[in-house]
Number of protein chains: 2
Amino acid sequence: MNDIKKMGRPRTFDEKQALLKAMNTFWAKGYDGASLKDLTKAMGISGPSMYAAFGDKRELYLKTIDLYADVDACEPVVIFETEPDIAKAVKGFLQAVIHYAVSRENGAQGCYLASCAIANIDEVEGVAERLDKAIHDTDTRLAARFDLEKQKGNLPSDFPSINRARLMYDMRQSYMFRGRAKWSKATLEEDLDYRVKMIISSS
Amino acid sequence: MNDIKKMGRPRTFDEKQALLKAMNTFWAKGYDGASLKDLTKAMGISGPSMYAAFGDKRELYLKTIDLYADVDACEPVVIFETEPDIAKAVKGFLQAVIHYAVSRENGAQGCYLASCAIANIDEVEGVAERLDKAIHDTDTRLAARFDLEKQKGNLPSDFPSINRARLMYDMRQSYMFRGRAKWSKATLEEDLDYRVKMIISSS
DNA sequence: TTAAATATATATCGATCGATACATAAATGC
DNA sequence: GCATTTATGTATCGATCGATATATATTTAA
């Protein structure tokens with residue numbers, strides 16, 4: 001539906017692929033630590049191409065944050081939303097988080113928001129609102145699944161969905177933090193079952 | 001005992017005070033975002049004085065990390081170690097953490113390690129080992145209090161001290177994260193009692 | 001009083017920063 | 001065809017980066 005030919009010389013690179021490369025560069029070096037040279041080299045494009053496509057360094061950064069929040073960080077959430085059994089869903093979520101936390105490429109371990117974006121929350125305009133939205137969106141999305149289980153009668157009617165959703169998100173951030181600090185998958189999984197219990201316990 | 005007069009012109013500034021100012025600057029702007037101009041202005045000294053006293057920018061950064069780990073971040077831990085009742089100790093720890101997370105000066109909210117240092121873990125040599133040590137030291141210190149309570153008979157003999165210590169530290173990091181993301185003290189305290197209960201629950 | 005030692009202030013270094021001017025290449029519209 | 005539009009590659013801008021050379025000020029040792 002949207003394949004109307006545009007005028008002018010066509011792009012020779014894929015915007016999303018370039019954004020992913022930029023994200024990994026920011027992730028490893030930080031906003032100020034990642035130079036335009038670093039970024040354009042990783043993206044495989046020239047400086048002027050970057051500016052034409054994304055605006056400037058700050059806008060590029062904000063777009064990588066949007067990409068992360070909308071796409072990259074969602075896999076564990078999807079697992080949580082699709083696994084039928086709620087206990088298994090919680091455990092599957094945390095397992096996916098742990099796997100994600102330790103298995104990204106060099107220098108980009110952990111959570112992009114928690115280990116990169118948050119460092120510039122007051123320095124780079126636009127970061128704060130995106131971070132706040134990402135946290136609330138995830139909290140809400142996780143709570144929605146708990147609410148669904150309450151309707152089904154699989155969780156008690158007084159189950160505090162939003163509080164447990166926040167707790168679950170906090171567990172995610174904790175694993176991400178230790179993952180970036182080079183903790184092993186095995187060590188992170190040690191206390192997994194108790195944490196699952198803590199999340200779905202009703203009182 | 002250590003007031004032997006040194007030769008040469010004496011320092012006109014206090015090293016620790018200058019380090020604290022440098023830490024706040026790094027905290028707000030990040031390692032690469034904080035320029036020597038920013039740093040020396042905040043520290044109230046000239047460039048050459050900074051280099052003479054601390055080496056270079058990287059060494060200054062590492063020294064601020066040491067200062068944070070050894071001094072600045074310890075207040076909630078001390079509360080945890082000194083409050084006689086273990087349940088109150090856990091709650092007091094988390095309350096102190098929440099207070100700390102939201103009440104630092106502009107741009108320096110949250111945990112210095114989690115919102116600044118960790119961003120440069122692979123970029124700045126020496127950060128990774130300090131971060132790893134700080135996490136392990138805190139985990140161990142928290143676990144020691146649980147072990148003490150086990151000896152006293154206030155906690156069951158099979159209480160998993162190190163796992164609960166890690167959980168407690170993770171709760172700390174979570175509050176710090178949301179504190180930096182501008183969450184209010186009241187909101188952070190909402191689910192406090194449940195978290196305390198789960199930290200000291202024995203099964 | 002002089003020499004040695006350490007800290008300070010000013011001025012400035014080459015390198016790199018983010019960003020852009022310009023000419024050229026490759027597509028569409030007519 | 002030719003004009004228009006958009007993207008690319010090269011070369012480079014002024015500003016700022018981290019770091020230092022130099023001269024001066026202030027202390028102790030003798």
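Computed from a predicted structure; not experimentally measured. A, B, ... follow the sequence lines: proteins, then strands. Residue 1 opens every chain.
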Rounded interatomic separation in angstrom, taking CE from A:Met43 and P from D:dT8: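 Taking CE of A:Met43 and P of D:dT8, I get 11 Å after rounding.
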
Does B:Thr25 have any side-chain hydrogen bond (donor to acceptor under 3.5 Å, both in side chains) partners at least two apart in sequence or in another chain, and if so, which?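 Listed in chain order: nothing, the list is empty.
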
Considering residues at least two apart in sequence or located in another chain, which fulfil the side-chain hydrogen bond (donor to acceptor under 3.5 Å, both in side chains) criterion with B:Glu189?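 Testing B:Glu189 for side-chain hydrogen bond (donor to acceptor under 3.5 Å, both in side chains), a comparison that skips the adjacent residues, returns none.
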
Bend angle of the helix from C:dT1-D:dA30 to C:dC30-D:dG1, from helix axes over five pairs at each end, nearest 10°: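 End axes: 10° apart.
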
List the residues meeting side-chain hydrogen bond (donor to acceptor under 3.5 Å, both in side chains) with B:Ser202, not counting sequence neighbours, and say none if there are none.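 Not a single residue meets the side-chain hydrogen bond (donor to acceptor under 3.5 Å, both in side chains) criterion with B:Ser202.
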
Gap between atoms CZ and P, on A:Arg11 and D:dT5 respectively (whole Å):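 One finds 17 Å between P of D:dT5 and CZ of A:Arg11, rounded.
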
All N/O pairs under 3.5 Å across the protein-nucleotides 16-21 of chain C interface:
residue	atom	partner	partner atom	Å
C:dC17	OP1	A:Ser35	OG	3.4
C:dG18	OP1	A:Ala34	O	3.4
C:dG18	OP1	A:Lys57	NZ	2.6
C:dG18	OP2	A:Leu36	N	2.6
C:dA19	OP2	A:Tyr51	OH	2.7
C:dA19	OP2	A:Lys57	N	3.2
C:dA19	O5'	A:Tyr51	OH	3.1

Taking only residues two or more places apart in sequence or in another chain, which ones pass side-chain hydrogen bond (donor to acceptor under 3.5 Å, both in side chains) with B:Lys88?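 With sequence neighbours excluded, B:Lys88 shows a side-chain hydrogen bond (donor to acceptor under 3.5 Å, both in side chains) to no residue whatsoever.
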
Distance test, side-chain N/O of A:Ser46 to OP1/OP2 of D:dA7, below 4.0 Å: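 So the side-chain polar atoms of A:Ser46 never come under 4.0 Å of the phosphate oxygens OP1 or OP2 of D:dA7.
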
Sort and list the pairs that fulfil salt bridge (Lys or Arg N to Asp or Glu O under 4.0 Å) and have at least one residue in residues 53-69 of chain B, not counting sequence neighbours.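 Found B:Asp66-B:Arg130.
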
Within the side chain of A:Arg180, is there an N or O that forms a donor-acceptor pair under 3.5 Å with the backbone of B:Ala119?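 Yes: the side chain of A:Arg180 pairs with the backbone of B:Ala119.
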
Results of ring pair (Phe, Tyr, Trp, His ring centres under 6.0 Å) for A:Tyr175 - residues two or more places apart only: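 For A:Tyr175, no residue satisfies ring pair (Phe, Tyr, Trp, His ring centres under 6.0 Å) once neighbours in sequence are set aside.
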
Under-4.0 Å side-chain N/O to phosphate OP1/OP2 contact, A:Ser49 with D:dT8: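 It does, given that an N or O in the side chain of A:Ser49 lies less than 4.0 Å from OP1 or OP2 of D:dT8.
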
For nucleotides 1-3 of chain C, print each protein N/O atom paired with a nucleotide N/O atom at under 3.5 Å, atom names and distance only.
none

Residue pairs passing the salt bridge (Lys or Arg N to Asp or Glu O under 4.0 Å) test where at least one lies in residues 76-86 of chain A, sequence neighbours excluded: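 Qualifying pairs, neighbours excluded: A:Glu81-A:Arg141.
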
Can you give me every donor-acceptor pair (side chain of residues 163-170 of chain A, partner residue at least two apart or in another chain, under 3.5 Å) with its distance?
residue	atom	partner	partner atom	Å
A:Arg164	NE	A:Ile199	O	3.2
A:Arg164	NE	A:Ser201	O	3.3
A:Arg164	NH2	A:Ser201	O	3.1
A:Arg164	NH2	B:Tyr194	OH	3.4
A:Arg166	NH1	B:Glu190	OE1	3.1
A:Asp170	OD1	B:Arg178	NE	2.9
A:Asp170	OD1	B:Arg178	NH2	3.1
A:Asp170	OD2	B:Arg195	NH1	2.9
A:Asp170	OD2	B:Arg195	NH2	2.9

When you check the side-chain N and O atoms of B:Asp38 and B:Ser35, is any donor under 3.5 Å from an acceptor?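 Yes, side-chain donor-acceptor contact under 3.5 Å.
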
Enumerate donor-acceptor pairs with a distance under 3.5 Å from any side-chain N or O in residues 69-79 of chain A to protein atoms, sequence neighbours excluded.
residue	atom	partner	partner atom	Å
A:Asp72	OD2	A:Tyr100	OH	2.3
A:Asp72	OD2	A:Arg104	NH1	3.4

Let me spell it out: for each of A:Ile45 and B:Gly8, pick the nucleotide of DNA chain D with the closest heavy atom. Which residue's pick is nearer the 5' end?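 First, find each residue's nearest nucleotide; the 5'-ward one identifies A:Ile45.
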
Decide yes or no, distance alone: a donor-acceptor N/O pair under 3.5 angstrom between the base of C:dA25 and the side-chain of A:Arg9.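 Flag set: donor-acceptor pair detected.
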
